[in-house]
Amino acid sequence: MKSDLPRVLLTGFDPFGGETVNPSWEAVRRLDQQTVRGHQVVALQLPTCFGQSLRALRTALARYTPVLVICVGQAGGRSRVSLERVAINIDDARIADNAGKQPVDKPVIRGAPAAYFSTLPIKAQLRALQAAGLPAEISQTAGTFVCNHVFYGLMHALRDTPQVRGGFVHIPFLPEQAVAHAGAPSLGLDVIVASLALIVDTALALRRDVRVAAGATH
Ligand code: PCA
């Protein structure tokens, strides 16, 4: 499993909230062991559980010593691949996680900063996706459930190693999931996999982000 190539760690989650699949795991597992710009991709599934997910992520960071980490999660209801800008130090669960835990207004990490920014070149990634005809957006919130929890814990873990970049990407439902959610948008797995491959490629190609407006008024 280990090669001499520098590694990229991609994570996805197990199904939660009554779903039988999670597109984040379905997508990242398709990139497992692929080589992108001289880097080996390692895909890891995290449990959709507060605490446990972060422990699994920290173990993988120590085991694989990746140079780039992109965590991916399902955001049912979103229509585009969402490049997350910021992780916040709060757990506030609207539903129980897969272990039955439902923290309300608890810090992810006590005493740690209020927020961390993604260290991915999200604007360049947005541009690359748009140029390839793949629907994408910058998102100003990763929510307050397990995805934000993992994103925050990742950025906290990487805080003293700026050469290791990290961030989070939310993806829509797959079409087969959207069937059960009237009106919910979806993206096919091939589109999601192609988007993630381009997101990895762009991060490895660029050290610095580009400056293009992609903010929101609300
Ligand atoms: N999405 C959830 C957690 C796991 C996942 O895939 C979230 O957005 O928090």
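For ligands, and for the atoms within them, numbers begin at 1 and follow the listed sequence. Here the structure is a predicted model, which is why all the values come from computation and not from measurement.
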- Query: Distance only, no hydrogens: is a donor on one side chain within 3.5 Å (strictly under) of an acceptor on the other, for E19 and H181?
  - Reply: yes
If I take atom [atom1] from residue [X] and atom [atom2] from residue [Y], how far apart are they, to the nearest 0.5 angstrom?
{"X": "L68", "Y": "L120", "atom1": "CG", "atom2": "CG", "answer": "6.5 Å"}
{"X": "F145", "Y": "F13", "atom1": "CZ", "atom2": "CZ", "answer": "9.0 Å"}
{"X": "L61", "Y": "L44", "atom1": "CG", "atom2": "CG", "answer": "9.5 Å"}
{"X": "L126", "Y": "S139", "atom1": "CG", "atom2": "OG", "answer": "12.0 Å"}

- Please list, chain by chain and in numerical order, all residues satisfying side-chain contact (heavy atoms from CB on, under 4.5 Å) with P175, sequence neighbours excluded. S186
What does the contact table look like for ligand 1 (nitrogen or oxygen on each side, cut-off under 3.5 Å)?
from, atom 1, to, atom 2, distance (Å)
ligand 1, 1 (N), Q74, O, 2.9
ligand 1, 6 (O), N22, ND2, 2.9
ligand 1, 6 (O), Q74, N, 2.8
ligand 1, 8 (O), Q74, O, 3.4
ligand 1, 8 (O), H170, NE2, 2.8
ligand 1, 9 (O), V146, N, 3.4
ligand 1, 9 (O), C147, N, 2.9

